[in-house]
Each structure stands twice: as structure tokens, then as C-alpha cells.
Trainee: 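Let me begin by handing over the structure; questions about it come next.
In the text below, chain A, chain B and the rest are named by the order of the sequence lines, each starting its count at 1. Fair warning: this is a prediction, and the values are worked out from it, not measured in the lab.
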Protein chains: 2
Amino acid sequence: MTYVDQYIDKLRKSGLRPTKQRIKICEVLFNAEKTFHFTIKELVKIIENQANIKVSLATVYNTVHAFIKKGYLKEIPLNASQSYYDTNVTHHHHFFDEEENKLIDINQEDVDDINIKRTIPGKKIRSVEFIAKIVSDNQSQK
Amino acid sequence: MTYVDQYIDKLRKSGLRPTKQRIKICEVLFNAEKTFHFTIKELVKIIENQANIKVSLATVYNTVHAFIKKGYLKEIPLNASQSYYDTNVTHHHHFFDEEENKLIDINQEDVDDINIKRTIPGKKIRSVEFIAKIVSDNQSQK
DNA sequence: TCAATACTTTAGAATTAATATAATGTATTA
DNA sequence: TAATACATTATATTAATTCTAAAGTATTGA
Ligand SMILES: [Mn+2]
Ligand SMILES: [Mn+2]
Ligand SMILES: [Zn+2]
Ligand SMILES: [Zn+2]
């Protein structure tokens, strides 16, 4: 099964026909070896730079939303000015590099279980995810 | 020192003159016994409902921003459509009630230290804060 | 006190991410 | 092939936020 076949499969399962615009979007999103974190603006820029096809903003938003709904993409709340998305849809944590404005995955196994010694009556926890903000470590070394 | 004196102090330290609009904003923000989590829209609505003075959106935004800069308020990234703010400026975690759309504080002492078994070369961690999403626990009890 | 100066408030305009619309294009079906 | 369904796109709309510029108020110092 080629990569493109996988994209077609993802699109079909999301209820979308595999058009060339959508396959291009998939190439950018799911080709990467590693997890891919992005904003819509960044995604559009990457598509523009590497494709000879034009993809409208509406198509990008529609496709991303369909993938989120289907569970192929995840939204990461980072700040209120712009949405961040993630191709890693597992439950996981992040470093956020405040200088590069980049998210970095932290897998579950790299963190001890988070134990909250407090409950809210009638409520149960659905998920616990943290963001560890990181900055350059410019300490003068002794 | 009266409450109002404290508000005046906070405003002065934030580089703002204590006007009646700003003192009203402080009353809403800092009068509460408990931590106060809010959006700008909610803050404006509360002011409108309890004050006989009019405060423009611009003044609300300006004052909130000045307090954030000074460290009297903290921004909580929850989603990309609206900013949430917090009068609890200590390092702490949150429950987020997805049904009520409400933040609830979790103090440091209610959580075991989070131990991340992974480092990023040249970077140090500045903060680690999580959001635990909660929903109604409607389990049929045995 | 008074006028110059600095800071405030405000309505409304501008910006921008996100969403909606509606016309045109393309694929699928019968 | 013709009807139908789905897609793409340019453009419009929405809504949170930020900006602007004019009018108001406080402060300062002669
Ligand atoms: Mn915004
Ligand atoms: Mn928005
Ligand atoms: Zn991730
Ligand atoms: Zn809080």
C-alpha cells in the first residue's frame, strides 16, 4: 500500500473524496517521519512552497476539521490567538519552546503517572495533558 | 488599608492612574474570596450588571493587559477562540469542566511533582502546568 | 489659580483567525 | 449522456482583539 493509498484511505474514512488538493494536504501532514505540529497558516505556507497546485483556505480548514472529527488530527490549546494542530493523536504531553514557538512531544512513558489528590464530586477525569515551557539554558558553567 | 487602597496600589504599581473605571474592574477581579477565572466577555458582563458606571471594552482590555504585564493576572490557554484569565498567578494546574466551561484550581500540593524523564539539550524547563478535563461521571452504580 | 502637559476614556474602525456562502467545477451514477 | 452529488474557490461574514483619534480628566509648575 503506497503512501498515497493511505491518504486516500484516510480521506475516504473521513467522508471526503480524494481530490488532488486533499491528497496534497495529506502529503504535508502525514508524510513526515515524526509528529507534525502546525498552525493553519504554516500548513498553507508549506503547501504553497512545495506544490504546483493551488489550495484555498476553505479547503484546508475543511480538510483539517474533517480529520479532527475522525481522530486523525488533534488540536493543542497553546494560546488564544491561533489554533495548533498535531498529527500525534495519542494522549501525550508537550514541551513548548518559547523561543522557537515549537511544540515537542513528550510520550506517556517519559512521565510518571500524574496523581491528583483531589476530586470534584460527580465528575470524572477524561484526560490530563501538560505543557512544559522551555527556554534556553544559558547558565555560566562553573 | 482598605480594599480600595489595595486596588489603587495595584493600579499605581501597574503604571496606571486609579480612575473609577479601573477601580471598578479591580473590585470585580480582586474582591472575590476565591480565585477568579474569566473571559473578557464575562468580565464586561459582570461589570455591566453591578456597576452604575460604564466601562468601555478598550479600557477593560488595557487594564487586563497592564495587570498581566505586572503579574497580577495570568492568561490560561484553553482554546483558540477566546482568552481565559486567572487571578491566581501562582504556578498551578487546573480542572476544566467541559460541560460548564469552568476552570477550577488545583494547587501544587494536591499533585505529586511531575517528573519528566527527558530533556532537550540547551533548554531548561520554566514551568509545567496541566489541564485535567473533567466531565459528568454518570456511571450506573453497582 | 491657571494653563500647559500628560494621561484616560471611549466610540468606532481595523485586524485577523475562523467560518459561512454561493457560484462554478468535477466526479459519480444511472 | 444527463442528472446528481460532492468539491473548490473567491468572497463575505463573524467575533475576539487591537488600534486610533477625538474628547475628557488629572497633574504639574509658574
Ligand atoms: Mn483572535
Ligand atoms: Mn477568532
Ligand atoms: Zn504532539
Ligand atoms: Zn487558576
Trainee: Can you sort out which residues in residues 59-69 of chain A have a heavy atom within less than 4.0 Å of DNA chain C? Ascending by number, please.
Mentor: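 Of all residues in residues 59-69 of chain A, the ones placing a heavy atom under 4.0 Å from DNA chain C are A:Tyr61, A:His65.
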
Trainee: Taking the cut-offs as 6.0 angstrom to the six-membered ring centre and 45 degrees off its axis, would you call A:Lys10 and A:Phe30 a cation-pi pair?
Mentor: yes

Trainee: Looking only at side-chain atoms of B:Lys41, point me to the closest of D:dA7, D:dC19, D:dA16.
Mentor: D:dA16

Trainee: Checking side-chain contact (heavy atoms from CB on, under 4.5 Å) between B:Asn88 and each of B:Thr35, B:Ile76, B:Leu103, which is the one that passes?
Mentor: B:Thr35

Trainee: Report the nucleotide, chosen from D:dC6, C:dT9, C:dT10, that has the shortest atom-to-atom distance to any side-chain atom of A:Arg17.
Mentor: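 For A:Arg17, the side-chain atoms sit closest to D:dC6.
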
Trainee: Ignoring hydrogens and angles, state whether a donor on the side chain of A:Thr2 or A:Asp5 is under 3.5 Å from an acceptor on the partner side chain.
Mentor: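 A:Thr2 vs A:Asp5: donor-acceptor pair found between side chains.
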
Trainee: Indicate the ring-plane relationship of A:His93 and A:His91, choosing parallel, tilted or perpendicular according to the 30° and 60° boundaries.
Mentor: perpendicular

Trainee: How far does CG of B:Asp113 sit from CG of A:Asp112, to the nearest 0.5 angstrom?
Mentor: 10.5 Å

Trainee: With no hydrogens and no angle check, is any side-chain donor or acceptor of B:Arg12 less than 3.5 Å from a backbone partner on B:Pro18?
Mentor: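 No.
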
Trainee: Go through D:dT9, D:dT17, D:dA7 for me and flag the one nearest to the A:Arg22 side chain.
Mentor: D:dA7

Trainee: Respond yes when some side-chain nitrogen or oxygen of A:Gln21 is under 4.0 Å from OP1 or OP2 of D:dT9, and no when none is.
Mentor: yes

Trainee: Return whichever of B:Tyr85 or B:Arg12 has its heavy-atom-nearest nucleotide of DNA chain D closer to the 5' end.
Mentor: B:Tyr85

